[in-house]
Amino acid sequence: MIVVQKYGGSSVSTTEKIRNVAKRIAESARNAQMAVVVSAMGDTTDELIAMARELTVLPDGRELDKLLATGEQASSAILALALHAQGVNAVSLTGGQAGIITEKVPSKARILKVDPKRLKEELNSGKVAVVAGFQGITDNASWADITTLGRGGSDTTAVALAAALKADRCEIYTDVDGVFTTDPRVEPAAQKLDTISYEEMLEMAGQGARVMHSRAVELGELYEVEILVANSANNTQGTLIKKEDQSMEVRNPVRGIAHDDDVARLTVLSVPDKPGIAYQLFNPLADSNVNVDVIVQNVSQDGLTDVSFTVSNAELEKAKSVLAPVMKEIGAKELVTDENMAKVSIIGSGIRSHPGYASQMFGALSSEGINIIGITTSEIRITCLINKENVKPAVRALHKAFKLEKA
Ligand code: ADP
Ligand code: ASP
Ligand code: MG
């Protein structure tokens, strides 16, 4: 049997916690071949980013990736040492050594392929392989560069390795008991879900439920890897992310509420309202790999209009620098930005067949006096853009309005 386990940053934030994680791994390794993916210790990644930003507002992508990847390289070696101390034969590997090949896109590279040859050999020789999460390497021999997979990307490392190894189990260990109806740190009445479909989890993750990385869920669905999310500090049952099944149909059509308060809004003022302008604005952003979300265009007056859209705060500086030359080209008047935005979403596969959820959502927000600045939807999700200061009351109001609280 092959098992892939992943331990997140807060589960390995101290050597004491690493010792406990090593004990859990030693236990599982008695009956299985184990590949263990580990995140950087505690807040290491944030600290490294802060250090880079002290020196420059827009750090070079290649250097930043190389810097951030050290966090996971350190924790993987430390965990291997902790396993040795428990008498477990273990070897630590970087993402590249584990065969993770990515595209050459700094800070959010997608995995192109996994070559698990070395990993399999290590497992077959009786070792626990401890793989540095969140990173890969570009496929260019001596010009290969270290890349990272985006914040929270160690989950993706784990699912990609589980798929490549055809593992029997893929287990993501974190600091909560599983996937909840909403972030249990924002709403203590949130309920743990026993199961959730890939589709719903993907929307939750995409809208800020950082308990799982979106790309990990996408890979899980693609390669049919069921993903167990559970607590590294206890033995409660956790949440299984899997294909939608019939038993999921009878429950509440809304599965959960997600929020993301790391949102910046950019507004391009007074752009000519004519064909091609949206393309001129958004194409360079896409080329620079900036993810654009909630887009709102005002009704034009005198042939001019304002276009607003959101990006993550981490990408704001990049978006501004990409747009600067475009602004001149299209004759826009000004670019104004607001870093204090948030998104709140209701998610559930039942939404597609139940009309009226949008109005119920707007009603719940308005009864809290919360102003809606923009809206986006998918088949199974409705998202409202709001001010950051309103995010917690919004989550709580929606959790209550959609009857997701513990009985
Ligand atoms: P790790 O370091 O283990 O990867 P993360 O901090 O990335 O952990 O993710 C776990 C956190 O995700 C939890 O502590 C919780 O605050 C947050 N979270 C947000 N939404 C949810 C949700 N719906 N269910 C569970 N946790 C959530
Ligand atoms: N250490 C990285 C981060 O903080 C990756 C991860 O934890 O999954 O985003
Ligand atoms: Mg995480």
Side-chain angles (χ1 to χ4, degrees), residues 5-13 17 21 37-50 64-65 67-76 95 107-109 131-136 147-160 171-196 200-217 227-233 236 238-239 241 254-262 312 314 342-348 391-392 395 398-399 404:
Q5 293 187 340
K6 176 254 170 177
Y7 291 89
S10 48
S11 305
V12 293
S13 56
K17 286 191 177 178
V21 163
V37 174
V38 69
S39 290
M41 291 173 70
D43 297 327
T44 305
T45 310
D46 288 332
E47 288 159 13
L48 293 172
I49 293 175
L64 191 63
D65 272 8
L67 174 65
L68 298 191
T70 62
E72 272 70 8
Q73 292 177 10
S75 58
S76 59
S107 86
K108 51 179 171 187
V131 180
F134 172 60
Q135 59 187 275
T147 49
T148 65
L149 312 179
R151 296 304 307 268
S154 298
D155 300 336
T156 298
T157 306
V159 179
E171 303 170 344
I172 306 289
Y173 288 104
T174 182
D175 59 359
V176 285
D177 287 352
V179 179
F180 284 69
T181 46
T182 195
D183 189 339
R185 296 187 200 286
V186 173
E187 174 51 272
Q191 292 189 70
K192 196 200 75 190
L193 302 166
D194 291 335
T195 59
I196 186 168
E200 290 170 324
M201 189 66 236
L202 193 56
E203 291 279 11
M204 293 275 283
Q207 295 305 320
R210 70 169 197 282
V211 63
M212 275 302 291
H213 194 231
S214 316
R215 182 78 182 126
V217 185
I227 305 164
L228 179 76
V229 182
N231 199 324
S232 64
T236 43
T239 302
I241 307 170
V254 176
R255 284 295 265 168
I257 312 292
H259 73 280
D260 181 357
D261 61 6
D262 183 33
S312 72
K343 288 185 291 186
V344 63
S345 308
I346 64 167
I347 290 139
V391 75
K392 286 186 179 169
V395 167
L398 294 171
H399 197 261
L404 292 166

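Side chains are part of it too, since the values below use all heavy atoms of this structure and drop only hydrogens, waters and symmetry mates. Keep in mind it's a predicted model, so treat the numbers as computed, not measured. Whatever order the structure lists them in is the order used to number ligands and atoms, beginning at 1.
Between the side chain of T239 and the backbone N or O of V179, at least one donor-acceptor pair lies under 3.5 Å. Judged purely by atom type and a 3.5 angstrom limit, D155 has no side-chain atom pairing as donor or acceptor with the backbone of A216. In this structure, the side chain of T174 does not engage the main chain of G8 through any donor-acceptor pair within 3.5 Å. A donor-acceptor distance shorter than 3.5 angstrom exists from the side chain of T182 to the backbone of I257, with no hydrogens or angles considered. Between the side chain of T157 and the backbone N or O of F134 there is at least one donor-acceptor pair closer than 3.5 Å. The main-chain N or O of D260 is never found under 3.5 Å from a side-chain atom of Q207 such that the two would form a donor-acceptor pair.
Atom 10 (C) of ligand 1 has its nearest heavy-atom neighbour, among V12, D175, D155, in D175.
Applying the 4.0 Å criterion to heavy atoms of F180 picks out, from ligand 1, the atoms 22 (C), 23 (N), 24 (N), 25 (C). The distance from ligand 2 to the heavy atoms of G152 drops below 4.0 Å at these ligand atoms: 3 (C), 5 (C), 6 (C), 8 (O), 9 (O). In summary, the atoms of ligand 1 found under 4.0 Å from a heavy atom of V179, numbered by their order in the structure, are 24 (N). Per-residue contacts place S39 under 4.0 angstrom from the following atoms of ligand 2 (heavy atoms of the residue considered): 6 (C), 7 (O), 8 (O). Taking every non-hydrogen atom of M204 and a distance limit under 4.0 Å, the qualifying atoms of ligand 1 come out as 23 (N).
No part of I172 comes within 4.0 Å of ligand 1, judged by heavy-atom distances. With a 4.0 Å cut-off on non-hydrogen atoms, V176 touches ligand 1 through its side chain and not its backbone. In K6, the part holding a heavy atom less than 4.0 Å from any atom of ligand 1 is the side chain. Residue contacts with ligand 1, taken as heavy atom pairs separated by less than 4.0 Å, do not involve A190 at all. Under 4.0 angstrom from ligand 1, the non-hydrogen atoms of R210 come from both its backbone and its side chain. Contacts between H213 and ligand 2 below 4.0 angstrom, taking non-hydrogen atoms only, are absent altogether.
Of the N or O atoms in G9, one or more lie within a sub-3.5 Å distance of an N or O in ligand 1. Polar contact with ligand 2: present for E72 (N/O pair, distance under 3.5 Å). Residue-to-ligand polar distances place T174 within reach of ligand 1: an N/O pair is separated by less than 3.5 Å. For ligand 1, the polar-atom distance check against S39 finds no nitrogen or oxygen pair separated by under 3.5 Å. Distances between N or O atoms of A209 and those of ligand 1 include no value under 3.5 Å. Checked by distance only, ligand 2 and R151 come closer than 3.5 Å through their nitrogen or oxygen atoms. In terms of polar-atom proximity, defined here as any N/O pair under 3.5 Å, S11 makes no such contact with ligand 1.
T236 and N231 are not linked by any side-chain donor-acceptor pair at a separation below 3.5 angstrom, with hydrogens and angles left out of the test. A donor and an acceptor atom, one from each side chain of H259 and S345, are nowhere located under 3.5 Å apart. Side chain to side chain, H213 and T156 meet the donor-acceptor criterion of an N or O pair below 3.5 Å.
Separating the CE atom in M201 from the CG atom in L193 is a distance of 9.0 Å, to the nearest 0.5 Å.
Every residue meeting the salt bridge (charged side-chain N to carboxylate O under 4.0 Å, His left out) condition with K108, not counting sequence neighbours, appears here in chain and number order: E315.
At a 4.0 Å cut-off, not a single heavy atom of G152 sits close enough to ligand 1 to count as contact. Not a single heavy atom of G9 sits closer than 4.0 Å to an atom of ligand 2. For G178, the heavy-atom gap to ligand 1 drops under 4.0 angstrom.
Ion pair D262/R151 not flagged as a salt bridge, since none of the NZ, NE, NH1 or NH2 atoms sits closer than 4.0 Å to an Asp/Glu carboxylate oxygen.
Considering all non-hydrogen atoms of both residues, P184 and A190 come closest at CA-CB, 4.1 Å.
For atom 27 (C) of ligand 1, the closest non-hydrogen atom on the protein side is V211 CB, 3.7 Å.
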